[in-house]
Amino acid sequence: MGKVSFDMSVSLDGFMTGPDDNAEQALGEGGERLHEWLYDLASFHAGHGREGGQANRDSEVLEEAFRNTGAVLMGRRMFDFAEPAWGDNPPFGVPVFVVTHNGRDPIPKQGGTTFNFVTGGIESALDQARAAAGDNDVMIAGGANVVQQSLRAGLIDEFQIHIAPVLLGAGRPLFGDLAAEHIELETTRVIESPGVTHLRFRVVK
């Protein structure tokens, strides 16, 4: 069985979106700044079916994050906000399990992505994602609520955050609902780049 992880870009003050994230601006006001480090990477272009981009250490970090992914898990809010932008060929290429209160039929897309809607909660969704992934990893794509539920339930094995050198001041905090929790982490890697710092942690269980 593979590991369960997540991989998120955040501001230095811990926000994964700017203020007022909605269907029209999924990353909120100023939230695009969190992802500027990846838009011109070779691995980002390849994931969207394009050629070109920079082949550097940041590109390697992005590529390895998804290299062994066999299934993806996400929340309904993330799906609703981002699915129109992903189009007919989303950048996953594996089954995606959407945690939701309102079920619907699966939505198959090009390139191997099928969106499956799970109404039984985060653990049921993860069980289905693990079964689909087999020996490969399950990647939790977001949003913040799903990440927090997974951490609180002890379901995460490791995670990586990419810290953009910006203070957003407000928005959706990645770890904001975990104030009462005590979760031990082991730092396993730090990579510094001019536009981002990559931090990887193992969750101590």
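- Using a 4.0 Å cut-off between charged nitrogen and carboxylate oxygen, Arg189 and Glu158 do not count as a salt-bridge pair.
- Here the NE2 atom belonging to His162 is positioned 9.5 Å from the CD1 atom belonging to Ile191, to the nearest 0.5 angstrom.
- Inter-residue side-chain proximity for Ile183 and Phe175 is flagged as unmet; no heavy-atom pair is nearer than 4.5 Å.
- Under a hydrophobic clustering in which Ile, Leu, Val, Met, Phe, Trp and Tyr are joined whenever their side-chain heavy atoms come within less than 4.5 Å, directly or via other members, Val10 and Val166 fall into different clusters.
- Of all heavy-atom pairs between Leu151 and Val203, the closest is CD2-CG2, 4.3 Å.
- Counting heavy atoms from C-beta on, the side chains of Ser5 and Met139 come closer than 4.5 Å.
- Contact record, Val147 with Gly142: CG2-CA, 4.4 Å, taken as the closest heavy-atom pair.
- The nearest pair of heavy atoms linking Gln148 to Gly176 is NE2-N, 3.5 Å.
- Taking CG of Leu41 as the start and CD of Glu63 as the end, the distance is 11.5 Å to the nearest 0.5 Å.
- Of the possible donor and acceptor atoms, one in the side chain of Thr188 sits under 3.5 Å from a partner among the backbone N and O of Arg200.
- Using a 4.5 Å heavy-atom threshold, the side chains of Glu83 and Lys109 count as touching.
- We find the CG-OG1 distance between Leu174 and Thr17 to be 10.5 Å, quoted to the nearest 0.5 Å.
- Closest heavy-atom contact between Pro19 and Ala170: CD-O, 3.5 Å.
- Side-chain atoms of Val146 and Met78, non-hydrogen and from C-beta on, never get closer than 4.5 Å to each other.
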Determine, stepwise, if the pair Gln128 / Asn116 fulfils side-chain contact (heavy atoms from CB on, under 4.5 Å). CA-CA 10 Å; Gln128 294 181 49; Asn116 304 276; 5.6 Å; no

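- Residues Thr100 and Thr119 are in side-chain contact: their nearest non-hydrogen atoms beyond the backbone lie under 4.5 Å apart.
- Between Phe79 and Phe115, the ring-plane angle classifies as perpendicular under the 30° and 60° cut-offs.
- Within 6.0 Å of atom CG in Asn22, more than 12 heavy atoms from other residues, nucleotides or ligands are found, so the atom counts as buried in its surroundings.
- Side chain of Gln160 to backbone of Phe201: no donor-acceptor contact under 3.5 angstrom is found.
- The shortest distance between side-chain heavy atoms of Leu27 and Leu34 does not fall below 4.5 Å.
- Judged purely by atom type and a 3.5 angstrom limit, Arg130 has no side-chain atom pairing as donor or acceptor with the backbone of Val4.
- The hydrophobic clustering, which links ILVMFWY residues whose side-chain heavy atoms are closer than 4.5 Å, places Val98 and Trp86 together.
- A 4.5 Å side-chain heavy-atom check between Tyr39 and Glu32 finds at least one atom pair inside the cut-off.
- A donor-acceptor pair under 3.5 Å is absent between the side-chain atoms of Asp137 and the main chain of Gly2, judged by distance alone.
- For the atom pair CG of Leu168 and CG of Asp13, the computed distance is 6.0 Å after rounding to the nearest 0.5 Å.
- Pairs engaging residues 124-144 under the ring pair (Phe, Tyr, Trp, His ring centres under 6.0 Å) rule: none recorded [sequence neighbours left out].
- Residue Arg172 holds its CZ atom at 10.0 Å from CG of Asp20, rounded to the nearest 0.5 Å.
- Sorted by first and then second residue, the ring pair (Phe, Tyr, Trp, His ring centres under 6.0 Å) pairs involving residues 5-27 (not counting sequence neighbours) are Phe6-Phe159.
- Taken together through direct or relayed side-chain contacts under 4.5 Å among Ile, Leu, Val, Met, Phe, Trp and Tyr, Val190 and Leu185 form part of one hydrophobic cluster.
- Distance alone, capped at 3.5 Å, is enough to place a donor-acceptor pair between the Ser43 side chain and the Ser59 backbone.
- Side chains of Phe81 and Gln25 form no contact here, defined as non-hydrogen atoms less than 4.5 Å apart.
- Under a hydrophobic-cluster definition in which Ile, Leu, Val, Met, Phe, Trp and Tyr are linked whenever side-chain heavy atoms come within less than 4.5 Å, directly or via other members, Val72 and Leu155 are assigned to different clusters.
- Glu36 CD: more than 12 foreign heavy atoms inside a 6.0 Å radius.
- Hydrophobic clustering, with ILVMFWY side chains joined whenever heavy atoms are under 4.5 angstrom apart, groups Ile140 together with Val99.
- Salt bridge annotation for Lys205-Asp157: present, with a cationic side-chain nitrogen under 4.0 angstrom from a carboxylate oxygen.
- His45 NE2 to Leu38 CG: the interatomic distance, rounded to the nearest 0.5 Å, is 9.5 Å.
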Could you give the side-chain donor-acceptor pairs of residues 87-97 under 3.5 Å, partners two or more places apart or in another chain?
none

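- Annotation for Glu192: atom CD does not count as buried by contact number, only 12 or fewer foreign heavy atoms lying within 6.0 Å.
- In this structure, Ser193 and His198 approach most closely via the heavy-atom pair OG-NE2, 4.1 Å.
- No side-chain donor-acceptor contact under 3.5 Å links Asp40 to the backbone of Gln54.
- The minimum heavy-atom distance linking Pro108 with Pro106 is given by the pair CD-O, 3.5 Å.
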